Every structure is written in structure tokens, then in C-alpha cells.
Amino acid sequence: MALISDLRVLVAECPFYTPVMPGSGKPMSVRMTNFGQLGWVTDKAGYRYQPCHPETGRPWPAIPAQLQELWEKLARYPHPPEACLVNHYTGKARMGLHQDKDEIDFDAPVLSVSLGDTAVFRIGGSSRKDPTRSFKLQSGDVLVMGGPARMNFHGVDRFIPATSTLLSGGGRLNLTLRRVNLPVN
DNA sequence: CAGTGACG
DNA sequence: AGCC
């Protein structure tokens, strides 16, 4: 897969870092980096989108063309993504139920690409108390959260080790393409 | 309070 | 959309 070799090169320029929770500074279990004009970051000060890597200070590299094309095909949204959050799951990494709500444009979908080990994904409704269900997300699966599902709570319970050989070190990579700001035109 | 948390 |  050509995307994987691209990703290796890009991640070398914008290394994964360990994000921490606002206020508490508690480290999250996933490691993160971003591509695109804007990247989602979290630190003691809060959640936000910013143009540069919090540790290197360099701008995030561009979103790979292959991912841009995937957005064009599947997002059904007439403007390009501005951000690609890259989450790396290793060991006991998980992601609790949350909403993606730090964007301004809620009309654009969030498009997620799973790579590497299979994830046990969980999704509920737009209210925290809505019932949830879980299903597996395999390497190569693309999930579009758009329309009424845009604000659904979702997370990753765990990943299942050794279910893919795509990533040399094992683990799971999740790429989420997002639009952040409202389009100007 | 917490919390992209634990639990579902 | 939030609301333990």
C-alpha cells in the first residue's frame, strides 16, 4: 500500500507525541500527530486546532493526496478537508466515548480510515445517555460520520492485537479527515 | 469536580 | 450538542 510508505515519511517529520488532558494534564493512551493546515491538539490549556506541531513547532505536513481523493469520493462535501488527525494505538490504548465538537463546521462529515489491527469501535447517539453499540473496524475500513451521525458519541474500546500485518510494529492507526472552519464561499 | 474517563 |  502506497499510503503506508507515505505515512512513514510524514510521521518522521511530525512525530507522534503523547497528548494530555486539559486541566489535569493526564496523558492519553493514544499517541497523536496531524496532517493538513490545521491539527487537533490537546494540552493542559484545552482542546483546539492549530497550524503547528506542539513539540517541533513546525507546520503539519500536507494531507496525502490519496486521502484527499478518498474525501472527494466519500465525504459528499464540496470543500477539502483542513485537518487529518492521526491516532496511534499501541498496547492498552483506547479512546473513551466523546463527540467531535471542536470544529466550527458541523455540516462537513468526519471521515475515518482504519489501518493495522482491528479496532472494537463503539458508537452511540448525539446524547451521552443514548444507548451504544460496538462493532469491529478492520484495516482498510472507512467510516463516514455525517448528517445526523456527525455529533454521535463514539470511541474505541480496544484493538485486537495481531489481526493485521500492515504495520510493522503492530497496533492501529486511525486517520480522521475533518473540515474545521466554515468555507469562505 | 473529574472525563477523549470507567462503563457501555 | 452540552445536561454525570
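Below, chain A is the first sequence line, B the second, and so on; all start at residue 1. Nothing here was measured: the structure is a model prediction, and the numbers come from that model.
The 5' end of DNA chain C is approached more closely, in terms of each residue's nearest nucleotide, by A:Lys101 than by the other of A:Lys101 and A:Arg128.
Between A:Trp60 and A:His53, the ring planes are tilted. Angles from 30° to 60° get that label. Ring orientation note: the planes of A:Tyr89 and A:Phe159 are nearly perpendicular, at an angle over 60° on the 30°/60° scale.
Side-chain contact, A:Asp117 with A:Ser139: no donor N or O sits under 3.5 Å from an acceptor N or O.
Counting any heavy atom pair closer than 4.0 Å across all strands shown, A:Ser134 reaches no nucleic acid atom. As judged by a 4.0 angstrom heavy-atom cut-off over every strand, A:Pro22 is placed among residues touching the sugar-phosphate backbone only. No engagement by A:Ser29 is indicated, since no non-hydrogen atom pair under 4.0 Å with the nucleic acid exists. Counting non-hydrogen atoms under 4.0 angstrom, A:Arg133 reaches nothing in the nucleic acid.
As rounded to whole Å, 21 Å separates atom P of B:dC7 from atom CD1 of A:Ile123. Here C:dC4 presents its C1' atom at 18 Å from NE2 of A:His98, a figure rounded to the nearest Å. For the pair A:Arg94 CZ and B:dA6 C1', the computed distance is 7 Å after rounding to whole Å. Here C:dA1 presents its C1' atom at 12 Å from CD of A:Glu103, a figure rounded to the nearest Å. The separation between A:Lys26 atom NZ and B:dA2 atom P is 12 Å, rounded to whole Å. Atoms NZ (A:Lys129) and C1' (C:dC3) sit 7 Å apart, rounded to a whole Å. Per the geometry, CZ belonging to A:Phe106 stands 11 Å off P belonging to C:dG2, to the nearest Å. For the pair A:Asp130 CG and C:dA1 C1', the interatomic distance rounds to 11 Å; values are reported in whole Å.
Taking 4.0 Å as the cut-off between side-chain N and carboxylate O, A:Arg178 and A:Asp100 count as a salt-bridged pair.
Applying the 6.0 Å contact sphere to CZ of A:Arg48 captures more than 12 heavy atoms from other residues, nucleotides or ligands.
Closest to the A:Met151 side chain, of the nucleotides C:dC3, C:dG2, C:dA1, is C:dA1.
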